[in-house]
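Values below: all heavy atoms of this structure, side chains included; hydrogens, waters and symmetry mates excluded.
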Amino acid sequence: MINRIKELRKLKKLSQEDLANACEVSRQTINAIENNKYDPSLALAFYLAEILGVSVDELFSYQNRRDL
């Protein structure tokens with residue numbers, strides 16, 4: 001899965017720490033998600049989308065691991 005979290009976070013002038021605090025997760029979790037090393041839970045994905053002002057399908061797109 002690939003995402004636009006970093007792009008949208010920067011547009012809103014939020015640091016990873018700001019976004020992490022808003023989502024009640026660690027900065028390391030946000031970093032791992034942004035770098036496609038961790039896929040968030042469905043609940044966290046919806047929360048991230050809400051905070052960043054987009055829908056979940058605008059935030060994330062599926063990419064088959066074989067295509068990477």
Side-chain angles (χ1 to χ4, degrees):
M1 188 163 25
I2 57 174
N3 68 74
R4 299 177 53 215
I5 294 172
K6 186 175 186 177
E7 168 194 348
L8 295 169
R9 175 178 61 77
K10 287 186 174 195
L11 282 174
K12 290 203 171 263
K13 298 185 189 277
L14 295 171
S15 67
Q16 286 183 341
E17 190 70 31
D18 294 334
L19 185 56
N21 289 338
C23 293
E24 300 179 357
V25 297
S26 70
R27 184 200 57 78
Q28 291 85 350
T29 298
I30 299 299
N31 182 273
I33 295 168
E34 284 185 354
N35 290 297
N36 298 307
K37 295 182 179 185
Y38 173 74
D39 290 334
S41 68
L42 187 56
L44 180 54
F46 274 97
Y47 201 41
L48 285 163
E50 180 181 333
I51 291 167
L52 294 171
V54 296
S55 66
V56 172
D57 57 335
E58 290 175 291
L59 190 57
F60 295 95
S61 63
Y62 176 75
Q63 186 173 15
N64 191 317
R65 293 199 186 273
R66 289 176 280 164
D67 296 336
L68 296 177

Worksheet entry | Side-chain heavy atoms of V25 within contact of I33, under 4.5 Å | no

Fill in: Steps toward side chain to side chain contact (heavy atoms under 4.5 Å, CB included) verdict (L8, L48)
CA-CA 10 Å; L8 295 169; L48 285 163; over 6 Å; no

Worksheet item: Measuring from E58:CD to R4:CZ, what's the distance to the nearest 0.5 Å?
Response: 7.0 Å

Worksheet item: Roughly how far apart are M1 CE and D39 CG, rounded to 0.5 Å?
Response: 3.5 Å

Fill in: R27 side-chain N/O to A20 backbone N/O, donor-acceptor pair under 3.5 Å
no

Worksheet, complete the sentence: Which of K12, E7, K6 passes side-chain contact (heavy atoms from CB on, under 4.5 Å) with K10? Answer is K6

Worksheet item: Rounded to the nearest 0.5 Å, what separation is found between the CG atom of N31 and the CD atom of Q28?
Response: 7.5 Å

Practice prompt. Check whether any side-chain heavy atom of Y47 sits under 4.5 Å from a side-chain heavy atom of P40, and report yes or no.
Written response: no

Response to the item:
Tightest non-hydrogen contact, residues C23 and I51, listed as SG-CD1, 3.4 Å

Worksheet item: About how many Å separate CD1 of I5 and CG of L59, when rounded to the nearest 0.5 Å?
Response: 4.5 Å

Worksheet item: So, D18 side chain and S15 main chain: donor-acceptor pair closer than 3.5 Å or not?
Response: yes

